[in-house]
Protein chains: 2
Amino acid sequence: MRALAVEDDARIAADLTAALQAAGFVVQTCADGESAWFLGDTEDYDLIVLDLGLPKLDGLSVLKRWRAAGREMPVLVLTARGTWSERVEGIDAGADDYLPKPFRMEELVARARALVRRSAGRGGAVQAAGDLSLDANRMTVARRGVPVAVTALEYRLLAYLMLHRDRAVAPSELLEHLYGDNFSREANALEALVARLRRKLGPGIIGTRRGFGYFLEAGEVGA
Amino acid sequence: MRALAVEDDARIAADLTAALQAAGFVVQTCADGESAWFLGDTEDYDLIVLDLGLPKLDGLSVLKRWRAAGREMPVLVLTARGTWSERVEGIDAGADDYLPKPFRMEELVARARALVRRSAGRGGAVQAAGDLSLDANRMTVARRGVPVAVTALEYRLLAYLMLHRDRAVAPSELLEHLYGDNFSREANALEALVARLRRKLGPGIIGTRRGFGYFLEAGEVGA
DNA sequence: GCGCCGCTGACAGGGCGCTGACAGGCTGGG
DNA sequence: CCCAGCCTGTCAGCGCCCTGTCAGCGGCGC
């Protein structure tokens, strides 16, 4: 899960980053409205935490521009004063949830998790593609009903492939979502990861489209 | 076990908190309908005690909104008047149990415990998983019928693992449910707790999935 | 047939989780 | 009021699993 934290106060930003990372997010931060707008418009996040008081471009405007551009990622809005008017404005602008400062980090994390759950709310917890099935609640993987022990990183890879099972996912995209932007430069890490997974799962699960990326073989037929 | 007590009468709220805490819950309270709605929607509780007469937003509406949003935690409804019509409304809105005021705290606690057990889909007060058995009424633990002396905190850990015995529970989730929101930030406290429990219970009870969390080994096979 | 992308096995570093020891706080008894 | 005992959080150290890196090779595409 990738998250963007938009916050100009460096100390709060650091706390935010730490808390979200502890919750399993890969976190990126930015400190002003313009770069926030650019990042949210061009990058692909599973969650954005947005402070309203920002230099250069106001948080509410950023949010409105995103929504106007059709970007629909869940956005959690932070505001300095917990006034009702600001809250209503935030909701109107397209915020999915709202948190007044000061807040406890635990509460933010809880709401962030709830948001991601809600936005992901497609279908049941168990997803299947061919022989492979993932249980999002138990975080387990099975092939033909036989449980396969996978590590946390391997699970995340499979979950992402499952989410985009209708296409081949480029290595750069996978690296981004698994490690964040500061990902290790060696793309070979991903190849090693895939190799280990293939050994565990057996053949016919993870396919390669040379020059394009990886995909779940049960996902699409042919080409 | 985390519980939310929604009650605007401060004296009753205090009694509720005390009684639930004595029963082993980590209790959070709130006094109006809107904050109740937010908390119940975003946080993760094992039980909610909900008074119907609330400022800002009526209890029944709160409950309906939760259910509409797909939140399925057990809710125990309190009402000032024990009228049948209100009871029917409550059940329709998705309440799991119903208690007319005035009530004895012992009865509330008993029903609360029953609700939590029922939501886990299991019958009696004694739950078992493999060699391990927990008695929810007496708050005692036994392995192969042999009683094992555990502290209150250790019991709560076991109870939570028992409730979610079908999966591995993340350390962050355990900290949240054992200590509430103001949990100590050192995750090592949990590791120490588990270590002490393992020494008391012996091997083959509490398992670890590296990168995921802890689980009861009798719960699931493999993976 | 050649080049290059991608695969694989081996290896080492790091981080997660385990353990034993210690200290502070709370409780109950004298 | 003091003391003793237990509970529990913190710390430091360590071991093991995960995972990134490297080198070499195989196979697909041109």
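Chain identifiers are assigned alphabetically (A, B, ...) following the order of the sequence lines, protein sequences preceding nucleic acid strands; residue numbering begins at 1 within each chain.
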What is the separation between atom [atom1] on [X] and atom [atom2] on [N], rounded to the nearest whole Å?
X	N	atom1	atom2	value
B:L197	D:dT8	CG	P	10 Å
B:L157	D:dG9	CG	C1'	15 Å
A:Y155	D:dC18	OH	P	17 Å
A:L190	C:dC7	CG	P	9 Å
B:L175	D:dG9	CG	C1'	12 Å

Scan nucleotides 9-19 of chain C nucleotide by nucleotide, 5' to 3', and note B when protein non-hydrogen atoms come under 4.0 Å of the base, S if they reach only the sugar-phosphate, - if neither. S-----BBSBB
Please name the residue in the list B:D8, B:D15, B:D9 that meets the salt bridge (charged side-chain N to carboxylate O under 4.0 Å, His left out) test with B:R11.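 When salt bridge (charged side-chain N to carboxylate O under 4.0 Å, His left out) is applied between B:R11 and each of B:D8, B:D15, B:D9, only B:D15 qualifies.
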Student check: side-chain heavy atoms of A:E217 and A:F215 closer than 4.5 Å: yes
Presence of B:Y179 side-chain N/O under 4.0 Å of D:dG9 phosphate oxygens OP1/OP2: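 For B:Y179, the contact criterion (side-chain N or O under 4.0 Å from OP1 or OP2 of D:dG9) is met.
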Is the distance from OP1 or OP2 of D:dT8 to the nearest side-chain N or O of B:T151 less than 4.0 Å? yes
When rounded to the nearest 0.5 angstrom, what is the spacing between CG in B:L216 and CG in B:L134?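 Going from the CG atom of B:L216 to the CG atom of B:L134 covers 8.0 Å.
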Pairwise distance CG(A:D96) to CE(A:M73) - rounded to 0.5 angstrom: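 One gets 9.5 Å once the value is rounded to the nearest 0.5 Å.
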Between A:E154 and B:L153, who's closer to the 5' end of DNA chain D by nearest nucleotide?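 Checking each residue's closest nucleotide, the 5'-ward one belongs to B:L153.
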So, B:Q127 and B:R117: side-chain donor and acceptor under 3.5 Å apart, yes or no? no
With heavy atoms under 4.0 Å as the rule, sort B:L193 into base, sugar-phosphate or nothing.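 No contact.
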Using modelled atom types and a 3.5 Å cut-off, is there a donor and acceptor pairing between side-chain atoms of B:R156 and backbone atoms of B:L178?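 Yes: the side chain of B:R156 pairs with the backbone of B:L178.
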